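Encoded as structure tokens, the structure appears first; notes follow it.
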Protein chains: 2
Amino acid sequence: MKKKRPTLYDVAKEANVSIATVSNVLNNKDEASAETVKRVNEAIKYLGYSRNESARSLKSGESKLIGLIVPDNNPFFTEILDGIQEECEYYDWQVVVANSEESEKKQNQLIGLLSAQQVSGIILAPVSHTLGPLKMIENAPMVLIDREVENMKLSVIKADNIDGSFKATKTLLKNGHKRIGLILASPGISTTVERRQGYIDALNSQNIKVDDELIQFGGNYTGTKAQMNGGYQAVMNMMKLPSPPTAIFATNHLLMMGAVKAIKELKLRIPTDMSFIGFDDHPWQEISDPTFTIVAQPAFEMGRQAVHALHKLKSSEEVISTSLPLQLIIRESCGTVK
Amino acid sequence: MKKKRPTLYDVAKEANVSIATVSNVLNNKDEASAETVKRVNEAIKYLGYSRNESARSLKSGESKLIGLIVPDNNPFFTEILDGIQEECEYYDWQVVVANSEESEKKQNQLIGLLSAQQVSGIILAPVSHTLGPLKMIENAPMVLIDREVENMKLSVIKADNIDGSFKATKTLLKNGHKRIGLILASPGISTTVERRQGYIDALNSQNIKVDDELIQFGGNYTGTKAQMNGGYQAVMNMMKLPSPPTAIFATNHLLMMGAVKAIKELKLRIPTDMSFIGFDDHPWQEISDPTFTIVAQPAFEMGRQAVHALHKLKSSEEVISTSLPLQLIIRESCGTVK
DNA sequence: GAAATTAACTAAAACGTTTAAGTCACTTTG
DNA sequence: CAAAGTGACTTAAACGTTTTAGTTAATTTC
């Protein structure tokens, strides 16, 4: 079954040199004669030798792995992963993907497990506003993605949520809506705070009073089903109000699906009876009926930049903070108010 | 920035014992007195010690990592990843996720990189019918997922594609359809072969002749956009036929979306003008209008079972082959023929 | 033409574990 | 009461690399 892999020593014996020379050849250290290089390379090929990265990483204190900790394997983070993988190819890193399931305890455990693996760095989408005992983050360079934490100067690659939310809300306002329902995820993460802020800023800019009953948190629970259900309940709650909203803005993909489900169940038609703006673009939104206006996140790019930031952090201790612009894609789901 | 982590040696010094004793305590070897165990554990806590997995894996020849190689980061494989992660928690493994982008060359490279990392095993969704030089697979135990390869007795966890496809086709036939368009992915993978077979079996069972023009391969290209486009083109081609299909069966998620897009562009209504069955269930299919009848794959369960099969393979050299049943979920998208 | 430099190597230590093989002071056994 | 065990340790080797500090012979320098 599992054969013993050849080692440097085997190659050295085959090529009649010392293991140091083989190592030099492998690392292009330019200290061997052309003839020796050739002989060593032939031996490597003949034996099918490849490095043992465990040994290397023991020696160097660092593996060629980076850790990615996401709170959920949803399409948004999958696209981020895609970007991360693409950029990692350049640095010759592999990605260990772990799921914190929005649990702080699990997140901290995972940070521990990953740094035990001697990962070269960690890309983290934190589950809350704060990071636990700093001890852990001393072990591996860390870059935050999508979400920020308070009081720490860490590199973070995120979206400009305030602006994205502002633009979406403004669009609804321009279409004449005065009562706009906002469906947010958990209040414990920075994206929620920012998306709420953008909404409030937009209302303020038109001198419309913020009605807290129109702001619902649908993401207090974890897991796909629960988040969808959060969006569903949020709509149900809002529509029971004496003066229900004429438009709804759902600030993530799962909340959006739950919300649309509720709207459908209530036999309200989009955009005729209800205007709707969602978050996170996905192909199906282009083919659904109606097609959905959404705030699109540059998830792939975020992934790429996070890897880049990690590398920067490692090579020059430089802390990078980027807010990438969000794009409002107008489709059919928001009309003018009746 | 990066602090040196304490080692066994530091703990040993702190607790006034040898490193062997510390190691024994760490591994619950039951060779130390209760008092010593306590002292060692205190030292571990005090110093914030945790194992260096690189050293362990150098010694043991095996890391606590497993590799997952997918051809694409799509929702299907993401759900598989979810299942893999859940099951890995039990075995205390972490998952390195790599993307072969449906390229055989890349796939083989990745197998090499992962086994260089001394992964405990590899879960692979192969990009073609054959596996390259066997040399590679001797290095790490391997379990195939979703797709099979020829002439190799490897563990494989897959879906019963023939039956799933048979059931879907049969349903369309029962509804009176005689010309059913089939949209397949790349002919180079086993799922395509099987889904085609199920379709043919169903037609044969009703004595309906197979028309090759109704079988389109939409997945010869790689990448999300390209696959969707493949589905789109497939529909466009079929609808140009003198006698176009009255129903379409798209055999994966991306092809389905492309196909629906084309149908929409052609101003055909589902299910009034065209019946439709898709593949892979996703929440949006429940809220779209119409809702879609689909063949659902137990992706999460496949992930779990793959990890389990890997463990079985390692512990007892037992090769497991499983075909999990597919479920046809009937919704609104397929009606009776006019 | 002796001293210094260079090219092409090699020997050995080190990274942090695990483990086989001791050691030593006490029991236990027959 | 000598032999054999046992409990609680320790020593040192080994895993496969990288790297520092040599070594040796050939070549350059003045």
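Please read all numbers here as calculations on a predicted model, not as lab measurements. Naming convention: chains lettered A, B, ... in sequence-line order (proteins, then strands); numbering from 1 in each chain. Values below: every heavy atom of this structure, side chains too, minus hydrogens, waters and symmetry copies.
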From CG of N52(A) over to P of dT17(D), roughly how many Å is that when rounded to an integer?
5 Å

For a quick test of reading the model: is some side-chain N or O of K4(B) closer than 4.0 Å to OP1 or OP2 of dC15(C)?
no

Separation of dA8(D) P from R39(B) CZ (nearest whole Å)
13 Å

Identify whether any heavy atom of A20(A) sits under 4.0 Å from a base atom; if not, whether one sits that close to sugar-phosphate; answer base, sugar-phosphate or nothing.
base

When you measure from the side-chain N and O atoms of S33(B) to the phosphate of dC9(D), is any distance below 4.0 Å, counting only OP1 and OP2?
yes

N or O in side chain of S23(A) less than 4.0 angstrom from dT18(D) OP1/OP2:
yes

State whether T36(A) places a side-chain N or O below 4.0 Å from either non-bridging phosphate oxygen (OP1 or OP2) of dC9(C).
yes

Interatomic distance where CG belongs to L58(B) and C1' belongs to dA14(D) [whole Å]:
9 Å

Test side-chain contact (heavy atoms from CB on, under 4.5 Å) on R51(B) and R5(B); report intermediate values, then the result.
CA-CA 9 Å; R51(B) 283 186 174 99; R5(B) 311 178 51 165; over 6 Å; no

Report the distance from atom CG of N24(A) to atom C1' of dG16(D), rounded to the nearest whole Å.
15 Å

How close or far is atom P of dG22(C) from atom CD of E31(B), stated in whole angstroms?
16 Å

Which is more 5' along DNA chain D, the nucleotide nearest K29(A) or the one nearest A55(B)? Just name the residue.
A55(B)

Quick one about Q85(B) and E89(B) (side-chain donor to acceptor, distance below 3.5 Å, no hydrogens or angles considered), yes or no?
no

Would you mind telling me which of V95(A), L68(A), V97(A), V96(A) makes a side chain to side chain contact (heavy atoms under 4.5 Å, CB included) with V97(B)?
V97(A)

Specify the separation, in whole Å, of atom CD of E62(A) and atom P of dG16(C).
14 Å

Would you say dT18(C) has OP1 or OP2 under 4.0 Å from some side-chain N or O of N27(B)?
yes

Length of the NZ-P vector between K13(A) and dT10(C), whole Å:
15 Å

Return yes if a side-chain donor-acceptor contact under 3.5 Å exists between S63(B) and S57(B), otherwise no.
no

At under 4.0 Å between heavy atoms, what does L26(A) touch on the DNA or RNA strands: base, sugar-phosphate, or nothing?
nothing

What about K59(B), does its side chain sit under 3.5 Å from the base of dT18(C) through a donor-acceptor pair?
yes

How are the rings of H311(A) and Y91(A) set relative to one another: parallel (under 30°), tilted (30 to 60°) or perpendicular (over 60°)?
parallel

Taking only the side-chain nitrogens and oxygens of Y9(A), find out if one of them lies under 4.0 Å from OP1 or OP2 of dA11(C).
no

For dT18(D), does OP1 or OP2 lie under 4.0 Å from any side-chain N or O of R51(A)?
yes

Should S18(A) be listed as having a side-chain N or O under 4.0 Å from OP1 or OP2 of dA11(C)?
no

Nearest-Å distance for atom pair NZ/P, residues K64(B) and dG16(C)
20 Å

Taking everything shown except K106(B) itself, do over 12 heavy atoms lie less than 6.0 Å from its NZ?
yes

dG16(D), OP1 or OP2 - any side-chain N/O from T7(A) closer than 4.0 Å?
no

